[in-house]
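Whatever order the structure lists them in is the order used to number ligands and atoms, beginning at 1.
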Amino acid sequence: MRSITILGATGSVGTSTLDLVEREPDRFAVEALTAYSNVEGLAAAARRTRAKIAVIGDAARYQALKEALAGSDVEVAAGAPAIIEAAARGADWTMAAIVGLAGLEPVMAALGQGKALALANKESLVSAGSIMIRAAESSGARLLPVDSEHNAVFQCYEPEPGRVSRIILTASGGPFRTWTSEQMRAVTPAQAVKHPNWSMGAKISVDSATMMNKGLELIEAHHLFPVGADRLEVLVHPQSVVHSMVEYIDGSVLAQLGSPDMRVPIAHALAWPDRMATPCQRLDLAAVGKLEFEAPDFDRFPALALAKAALAAGGARPAVLNAANETAVAAFLAGEIGFLDIAAIVAEVLAQYEPLAPQTLSDVVAIDVEARHKAASVMRRMAA
Ligand code: NAD
Ligand code: MG
């Protein structure tokens, strides 16, 4: 029996994880489930899985969660510190599926336990990559990549130094792959969250539409697979069948393929180093017929260029990029700024200042807070 904790259990990745965990009740026992505001979804999942504890991030909803779980054996807690405590309960396997840098402290708490950490929450690795990798090394925690591209690379990657010549991350290109910048100017949040191949949370869907998502994934790959930033490439592949590739020095290229269903990489991380069955649609290449590939367009998708530059510059740049992007995406989703403003705001914040490279978790948090303030003031100036 493996004990399982899911941070962000009510989200897209969280519910896909629950779906797999609940299919094998003899194999997995749920320790803790957390969510930010969805009391009903959290309580229902906690009852179904007989979780030991359910934690709601929004402290104002403590009473509501308590009532929703009345009469069950599930312990109830609320607030951000309670999520961190839940992450530190030492489950054998933890899914980090909170969206944004809000997931960083719970991720660090889970890493400190020296167990398996399945990482979907890419923003934490983008902003605090070296600190997280160091924490995993010192506790002996095993980082298992869940992002479909990184999970694909993980399945194809031989870690011996000197073997890998390139890592190629595939990108669907998002819903505006063929649009001109002029057409993208008027994009609405509803259009941006409608991804052609994947069903995902709102923030990552917008990131896919700007291609910032692929930029964040380049930085994520840099921390997970230390081959050098100049060996990481992006290739647009609209069908999302080839999930990524690893090229070796002899010219061999290994790829992982599958239907675009996050339960495939999640199952890989959940069963690793074993495998488990999933109900996911089998890949029928004859039905797919044709796989297409094209080079990314850094002019129409400036967010990708900004992330690439932040990766090359290193230091605090990735944390600034991520914070400015989270702030701008939230404003776009709230209807406060236009689609093209997202990358413009990130560029402006990056141009404004250059904090020192973070050494500790609190350095990262301070950089994040400051970059969010700067992004907010750039937006106020744009609005005036
Ligand atoms: P989502 O918006 O569907 O779910 C987010 C979860 O985080 C919810 O359970 C929510 O309650 C919780 N949450 C949000 N803000 C919080 C806060 N401040 N404190 C505590 N909990 C909070 O997002 P998602 O699409 O499931 O994505 C989750 C993460 O996984 C993101 O980092 C995303 O980039 C990554 N990811 C997602 C997919 C996908 O297919 N959805 C694929 C690859 C990577
Ligand atoms: Mg991905």
Ion pair check, [X] and [Y], cut-off under 4.0 Å:
{"X": "Lys52", "Y": "Glu75", "result": "no"}
{"X": "Lys122", "Y": "Asp147", "result": "yes"}
{"X": "Glu326", "Y": "Lys203", "result": "no"}
{"X": "Asp274", "Y": "Arg27", "result": "yes"}

Shortest heavy-atom approach to [atom] - which of [options]:
{"atom": "atom 37 (C) of ligand 1", "options": "Leu33, Val13, Ile56", "value": "Val13"}
{"atom": "atom 6 (C) of ligand 1", "options": "Gly14, Ala102, Ala97", "value": "Ala97"}
{"atom": "atom 1 (P) of ligand 1", "options": "Ser124, Ser37, Gly11, Pro106", "value": "Gly11"}

*Could you tell me whether Gln191 atom CD has more than 12 heavy atoms of other residues or ligands within 6.0 Å of it?*
yes
At a 4.0 Å threshold, what atoms of ligand 1 neighbour a non-hydrogen atom of [X]?
{"X": "Ala9", "result": "9 (O)"}
{"X": "Ala120", "result": "30 (O), 32 (O), 35 (C), 36 (N), 44 (C)"}
{"X": "Ala35", "result": "11 (O)"}
{"X": "Lys122", "result": "32 (O), 34 (O), 44 (C)"}
{"X": "Gly8", "result": "6 (C), 7 (O), 9 (O)"}

Min N/O separation [X] to ligand 1 under 3.5 Å:
{"X": "Ser12", "value": "yes"}
{"X": "Glu123", "value": "yes"}
{"X": "Gly100", "value": "no"}
{"X": "Ile83", "value": "no"}
{"X": "Ser148", "value": "no"}
{"X": "Ile204", "value": "no"}
{"X": "Thr10", "value": "yes"}

Answer with yes or no whether the side chains of [Y] and [X] bring together a donor and an acceptor at under 3.5 Å.
{"X": "His150", "Y": "Glu220", "result": "yes"}
{"X": "Asp19", "Y": "Ser16", "result": "no"}
{"X": "Ser148", "Y": "Asn151", "result": "no"}

*Residue pair Phe176 / Ala209: nearest heavy atoms and the distance that separates them*: CE1-CB, 3.6 Å
_Region of Lys203 that comes within reach of ligand 1 [heavy atoms, distance under 4.0 Å]_ = neither
*Side chain, backbone, both or neither: the part of Met200 lying under 4.0 Å from ligand 1 by heavy atom*: both
*Which is the closest N/O/S atom of Asp147 when seen from the Mg ion (ligand 2)?*
OD1
*Mind checking the OG1-CD1 spacing from Thr34 to Ile98? Nearest 0.5 Å is all I need.*
4.5 Å
